[in-house]
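Structure first, then comments.
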Protein chains: 2
Amino acid sequence: MPASRATTLRDVALAAGVSIKTVSNVVNDHPHVRPAMRERVRAVIDELDYRPNGIGRQLRQGRTGLVALAVPNVTSPYYGELTSTLVTAARARGLTLLVEQTDGETEREREVAAGFPVRLVDGLVFVPLSMPVEELARRRDSTPAVLIGEHGDGSGIDRVTIDSVGVGELGTRHLLERGRRRIAFLGDKEPVRSPVVAQRVAGYEQALRAHGVPVDPRLAWVTPEWERSHGYEGTLTLLAAHPDVDAVFAANDLLAYGALHALRQLGRRVPEDVAVLGVDDVEQSRYTSPTLTSIALDRAVMADLALGLLVDRLAGVEGPPRLLTATHHLEVRESTAGTGRA
Amino acid sequence: MPASRATTLRDVALAAGVSIKTVSNVVNDHPHVRPAMRERVRAVIDELDYRPNGIGRQLRQGRTGLVALAVPNVTSPYYGELTSTLVTAARARGLTLLVEQTDGETEREREVAAGFPVRLVDGLVFVPLSMPVEELARRRDSTPAVLIGEHGDGSGIDRVTIDSVGVGELGTRHLLERGRRRIAFLGDKEPVRSPVVAQRVAGYEQALRAHGVPVDPRLAWVTPEWERSHGYEGTLTLLAAHPDVDAVFAANDLLAYGALHALRQLGRRVPEDVAVLGVDDVEQSRYTSPTLTSIALDRAVMADLALGLLVDRLAGVEGPPRLLTATHHLEVRESTAGTGRA
DNA sequence: AGGGTGCGTTCCAACGTTGTAAAGTCAACG
DNA sequence: CGTTGACTTTACAACGTTGGAACGCACCCT
């Protein structure tokens, strides 16, 4: 098959013996087209398999219907599921999602924030990981953007977030109620705590104090990232340094998987010896051994809220940056079962 | 900030006191622009934060640089990792990936095959799951496409595949060598075996015969899809019907996770009582309990091959459909360890 | 029968960009 | 000093589409 030029309005118009605009009117279901004419044109459209050229249309209308999603990666379950939800939610709103991966690298995130070198998308859904969001306040790119995630204030941009202090508090309280007293927080950051971590740790300490359990800052254990391997290695070193730890509050499910793996290797039973709790409630957590208790962040809600904010801006809504908070809740499973020792 | 119109070439030209084309020449690094002029224009570009409008450019050039990826979903680890690899590989080739999810539904896949209602992408990377690929031979859409996955012949389209018979044979042989004799194949399809399944089962039976082990067709166990939950339920019913099964060859890792979960619940030890083997070698498989032996399909190679085929077509290369086969290999882990009973 | 009405269709322009070709500038040379 | 030629810059058209205005026509009303 010779790569022949695609069918255009002109071809259809020529074949149907009408003007280009009439064909356009038929395609766009405009009124004031006589049924007979509509029929005739439609027939030719079908015959030639005409489909409008998106570029021409977009050029005329000044919008592309494309939204970029900039996310650390689509591989890890949490972002994968978030991406999936966003793809679907975007389609439901007539938008198409275009995926960009930053790997969480500050430099790549800065590039995304600065705007793509070629203007193509109408909006941006951004999940920055390492870059200070205050920088976003200074960005010159006028493309509407929404932030998803647990970031600090000062970005000057619409965002959807989670109550991170609440997450830290909820998880810790659950472990305390299960009788645990030496609760480690796995996934701290050095040298500077990002807002997410700072807030989660704050919630963690708040719950400890509320229960009259002393806060041991040495149990806030640092990992380079939040991948399975870091959870594995972090747990090995953590338990070597503090063998009396009876619960691990992992900053996300991946870290928790690594922790489970390490604990099994160390011969520690979960949950009898050490309870493990994650955050994100990824699908896999229903199938680990033992199944993982986790704090679920409602991704469908997040995706929908984020796109809602973005669509408003695309429609020209002005006003100060808005902040929405998605809900979270605890999914109790085997890894924190039982009454514990205390 | 008033949503002012974005800066265009005309604005820059006006501000710099030159013609539009000169600015265009500077932007595109064309020769024959005097250094002084280049400087002057660049300064204005920076000042106004001019970035070319992708649409205008694309309209002129007749291409968008966009490639659609149609995949069942980006949530499941295998497709997620494939998507991730493709996003990166596409970027390396100056293309941008746009994600479409079919959920593996035949109707959605047909729509993708028929071409998007609006012509926007230059090419398509397609991972059909349920639709008969022979239908693709009849598609009218002239957008170049590449298929990824284990499909039969007759699509008339470039594709990257895996030696599915080899996969079935390799996994089964491994289990046989570990002394297993009652090996179930988990993930068969009813009423019609797709090419993938048919080939894998063929390899499975071939290995059994080569070892002189009788083929018991009742051990090819049907699951509706290849999700964790189906692996879980399938394994429960499988072991109820055939308690003597000593190995489960799952069609993918997700099914295997479900199988591990079910076996643990049934009190069967893995691998002592029942060995489990998956396909895809997803990251998670290094962290399950026990860690999962799996057949790795080289996704990076697949992504690269697929984009290579596509880019050729975009460049106008003609010729009959091409077929490339990506490599696979066995990753042995705990779930098939030991010598078995026999 | 003439004029108005309203519908159906066509023409023109514009979206922002770049290829082509033409026009302009300048220096060096005869 | 004029011409040539090389190097810069500009004008124009076109990519495919759609909004708006203009045009044409049939029909109805008076």
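Here is the naming used below: chain letters follow the sequence lines, and residue numbers restart at 1 for every chain.
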**Report entry** Within-4.5 Å side-chain heavy-atom neighbours: A/L129 and A/Y79
**Finding:** yes
Query raised in the report: Given atom CG of B/L14 and atom P of D/dT10, what is their separation to the nearest angstrom?
Result: 12 Å
Query raised in the report: Shortest non-hydrogen contact from A/E318 to A/R313?
Result: C-NH1, 3.2 Å
Report summary line: What one should report as the nearest heavy-atom pair of A/P144 and A/L310 is O-CD1, 3.7 Å
Query raised in the report: side-chain contact (heavy atoms from CB on, under 4.5 Å) with A/T325: which of A/T161, A/V301, A/I162?
Result: A/T161
Report summary line: Between CG of A/L9 and P of C/dT10 the distance, given in whole Å, is 13 Å
Solution key, residues 47-59 of chain A side-chain donor-acceptor pairs under 3.5 Å, sequence neighbours excluded:
{"from": "A/R51", "atom 1": "NH1", "to": "B/F116", "atom 2": "O", "distance (Å)": "2.9"}
{"from": "A/R51", "atom 1": "NH2", "to": "B/D141", "atom 2": "OD1", "distance (Å)": "3.2"}
{"from": "A/N53", "atom 1": "OD1", "to": "A/I55", "atom 2": "N", "distance (Å)": "2.7"}
{"from": "A/N53", "atom 1": "OD1", "to": "A/G56", "atom 2": "N", "distance (Å)": "3.2"}
{"from": "A/Q58", "atom 1": "NE2", "to": "A/T64", "atom 2": "O", "distance (Å)": "3.1"}

**Report entry** Bending between helix ends of the helix from C/dA1-D/dT30 to C/dG30-D/dC1 [5 pairs per end, 10° resolution]
**Finding:** 70°
Query raised in the report: Is any side-chain N or O of A/R119 closer than 4.0 Å to OP1 or OP2 of C/dT17?
Result: no
Query raised in the report: Closest approach of A/S130 and A/E109, non-hydrogen atoms and distance?
Result: N-OE1, 3.1 Å
**Report entry** Closest to the B/R60 side chain, choosing from D/dT18, D/dA13, D/dG16
**Finding:** D/dA13
Report summary line: Atom CG of A/L48 and atom P of D/dG16 are separated, to the nearest Å, by 15 Å
Report task. Determine the sole option in B/L147, B/L309, B/I148 for which the side-chain contact (heavy atoms from CB on, under 4.5 Å) test with B/R159 is passed. Result -> B/L147
Requested in this report: Please work out if A/I55 contacts a base, only the sugar-phosphate, or nothing of the nucleic acid, heavy-atom cut-off 4.0 Å.
Outcome: nothing
Query raised in the report: Of all heavy-atom pairs between A/T85 and A/A300, which one has the smallest distance, and what is that distance?
Result: CG2-CA, 3.6 Å
Query raised in the report: With distance as the sole criterion, do the side chain of A/R57 and the base of D/dT17 form a donor-acceptor contact below 3.5 Å?
Result: no
Query raised in the report: How many Å lie between CD on B/Q58 and C1' on C/dG16, as a whole number?
Result: 11 Å
Query raised in the report: Can you check the A/N53 CG to D/dA14 C1' distance for me, whole Å?
Result: 14 Å
Query - From A/D158 atom CG to A/D312 atom CG, the distance as rounded to the nearest 0.5 Å - result: 8.0 Å
Requested in this report: Round to a whole Å and report the spacing from CG of B/L120 to P of D/dG16.
Outcome: 15 Å
Report task. Output the residues of residues 19-44 of chain A in contact with DNA chain D, where contact means a heavy atom of the residue under 4.0 Å from an atom of the strand; sort by number or write none. Result -> A/I20, A/K21, A/S24, A/N28, A/H30
**Report entry** Euclidean distance, atom CG of residue B/D11 to atom P of C/dC15 [Å, nearest integer]
**Finding:** 11 Å
Report task. Using atom CD of A/Q61 as one end and atom P of D/dT17 as the other, report the distance to the nearest whole Å. Result -> 12 Å
